[in-house]
Participant: 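Take this structure first; my questions come after.
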Amino acid sequence: MPLFFGGWLNWLTGPQSTIDVAGPVAESQRHVFYVTVWVTGIIFVLVASVLTYATLKYKARNDSDEQTPTPPQGHGNPFIELGLIAASVLALVFIAIPTLRAIWYAYDVPAAEKTNALEVNATGYQWWFKFEYPSEQIDGVGPLTTANELVIPVGRAIRINLRANDVMHSFWVPKLAGKVDMIPNRGNHLWLKADAPGYFWGQCAEYCGESHAVMRFRLIALAQKDYAEWIIAQKAPARALTPPSDGALAKTQPAGYAFKNPGRNAPGYSSAFDTDPLAAWLKQQKPAANENPVLIAQGHDLFTAKSCVTCHVVRGNNMGGAPFAPDLTHIGSRTTIAAGLLENNSVNLHRWITRPNEVKPGNKMYLGINGMPGYMMMQDDKLVPHIVVSDEEAPAIVAYLQSLK
Ligand code: CUA
C-alpha cells in the first residue's frame with residue numbers, strides 16, 4: 001500500500017514503533033494513520049489560520065476601539081454553511097475509505113493466502129501468554145504448546161485465534177499488527193505476516209490487573225528452514241542429562257555466576273541482547289558449553305520437591321503438571337522469562353525464582369492459583385511463606401531450567 005505523503009515520522013523507531021513496521025497488516029494501519037494525520041492536520045491549520053486572522057484583525061487596540069460597533073455578522077450565509085458541511089463530509093469520506101479498507105484487510109487472512117496460512121492459538125493469562133500450534137500435534141499430548149515467545153515462519157500469513165483464561169487482555173505486536181482484545185468466552189482473531197526474519201516485541205494492551213504493564217511477549221520470525229528446525233526441537237520431550245555417579249563435578253564446578261540482586265529498576269537486558277536479539281535467540285537454542293550435569297540433576301529434584309511441577313509442565317521429564325502456568329519443557333531455549341520482561345540469563349532467572357513478587361507484583365507463582373498456594377499461602381487471613389527457594393538452592397534450579405533447550 002503506498003504511503004500517503006508518509007515517511008516524515010520515520011525517526012519514530014524503537015521496539016514498539018507503529019511507524020517502523022515490518023509486515024503488511026501494520027503497514028496498512030500505518031497508512032490509515034498518515035491519512036488521518038494529514039486530513040486533521042490540514043483542518044487544524046485552516047481553522048487556526050482563520051482564528052488567528054480574526055483575532056488579530058478585530059481585537060480592540062485601545063479604548064475607542066471598544067466603542068466600535070460590532071461588524072456585520074455572517075449568520076446564515078448559505079454558501080459558507082453548505083460549503084463547510086460539504087467539506088466536512090468530504091474529509092470524513094477521505095478518511096473513511098482507507099480506514100474501511102484497512103479494517104477489512106486486517107480482519108482476516110486474504111483469500112489468496114488462506115490455504116498457506118498457519119493457525120496459532122494465543123491465550124492471555126494474568127500475566128503471560130500461552131501459544132499453541134494446532135497443526136503441530138504431539139502424540140498423546142496435544143498441540144505443541146509454548147509460552148511468551150511466539151515463533152513464526154516469515155512470508156507466511158499467521159492467523160492467531162485470541163482467547164483469554166481469566167480477564168480481558170489484548171494482543172499487540174506493534175511492528176506487525178494489532179491490536180485485538182482477548183476476551184473470556186469470546187473467539188476473536190487477527191492475522192499478521194512478517195516480511196523478513198526478525199525479533200519483535202509484543203505487549204498486552206488492555207488493562208488486566210496489577211502487572212498489566214509488564215505482561216509482554218516476543219514474536220520471532222524465522223526463515224522457513226530455521227522455523228522447521230525449531231518445530232522439531234520444540235516437539236521433542238525435555239532434555240534429560242545423566243549425572244556422573246560420583247558427584248565430583250558439582251563440587252568442583254560451582255554455579256558459574258555470582259548472584260547479586262540487580263534491583264527493581266535494573267534494565268533486565270544486556271546491551272548485546274538489545275543490539276542483536278535474533279543472534280541471541282539463535283545462541284539460546286544450543287546447550288551451554290559449561291553445563292554441570294550434577295547441578296542440573298539436583299535442580300531437577302528440587303523442581304519436584306518445591307512443587308514447581310504442580311503448575312508447570314516439563315514434558316517427558318517424569319513430571320506431570322497442570323497447565324495453569326507456562327509450559328517449561330524448553331524454557332532454556334527462550335530468550336526472555338517472566339513474560340518477555342527479563343533476558344533469560346542466570347542472574348535474572350535466579351532473581352525471578354527467588355523473588356517473583358519483586359519482578360512481577362501479584363503474580364500467581366507468588367500468590368497461588370485456583371486455591372493452590374504458591375510461594376505464599378493464606379493462614380488465618382494472613383499470607384505466610386509456603387515455598388521458599390533460597391539463594392543457595394536457586395543455582396541448581398537455574399542450571400536445570402537452562403538445560404531445557
Ligand atoms: Cu493482560 Cu493487560
Side-chain angles (χ1 to χ4, degrees), residues 14-18 25-26 29 106 120-133 143 145-152 158-192 199-220 264-265 267-269 311-313 322-328 331 334-344 348 352-353 355-372 374-376:
Q16 302 209 42
S17 169
T18 53
V25 178
Q29 291 167 336
V120 178
N121 300 333
T123 308
Y125 288 71
Q126 282 175 318
W127 289 278
W128 60 281
F129 291 88
K130 176 166 89 181
F131 300 121
E132 292 166 316
Y133 296 73
T145 303
T146 69
N148 299 325
E149 293 199 357
L150 177 60
V151 177
I152 63 164
I158 315 293
R159 189 189 202 266
I160 305 176
N161 301 312
L162 303 169
R163 308 286 183 264
N165 178 64
D166 33 45
V167 299
M168 271 174 73
H169 303 275
S170 184
F171 185 94
W172 190 27
V173 191
K175 290 192 175 199
L176 294 179
K179 50 186 97 152
V180 177
D181 277 352
M182 313 167 101
I183 303 172
N185 300 317
R186 187 189 155 86
N188 276 354
H189 60 84
L190 62 69
W191 79 280
L192 51 79
Y199 185 94
F200 303 101
W201 287 43
Q203 170 78 46
C204 176
E206 174 73 48
Y207 180 69
C208 56
E210 205 172 354
S211 275
H212 154 71
V214 289
M215 179 173 170
R216 303 175 190 168
F217 64 101
R218 295 291 183 275
L219 189 148
I220 296 107
R264 193 183 285 272
N265 296 320
Y269 302 97
C311 296
H312 290 286
V313 173
F324 299 145
D327 186 305
L328 299 184
I331 173 76
R334 293 181 205 145
T335 43
T336 57
I337 51 168
L341 186 58
L342 303 172
E343 180 184 342
N344 186 3
N348 281 341
W352 176 223
I353 62 174
R355 298 153 175 86
N357 207 45
E358 185 187 297
V359 174
K360 195 190 281 185
N363 75 83
K364 307 297 181 203
M365 177 156 75
Y366 184 73
L367 290 178
I369 185 170
N370 294 357
M372 293 189 313
Y375 279 44
M376 306 298 276

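These numbers come from the heavy atoms of this one structure, side chains and all, not from hydrogens, waters or symmetry mates. We count ligands from 1, going down the list as the structure has it; atoms in each ligand are counted the same way.
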Participant: Are F217 and V173 side-chain neighbours, meaning at least one heavy-atom pair lies under 4.5 Å?
Facilitator: yes
Participant: So, using side chain to side chain donor-acceptor pair (under 3.5 Å) as the criterion, who are the partners of Y366 when residues are at least two apart?
Facilitator: none
Participant: Is the closest side-chain heavy-atom distance between V180 and F171 below 4.5 Å?
Facilitator: no
Participant: If you take all heavy atoms of E343 and I337, which pair is closest and at what distance?
Facilitator: O-CG1, 4.2 Å
Participant: Any side-chain heavy atom of Y375 sitting closer than 4.5 Å to one from N357?
Facilitator: no
Participant: Count up the protein N, O or S atoms sitting under 2.8 Å from atom 1 (Cu) of ligand 1, would you?
Facilitator: 4
Participant: Considering all heavy atoms of both residues, which atom of R216 and which atom of F129 are nearest to each other, and what is their separation?
Facilitator: O-CD1, 3.7 Å
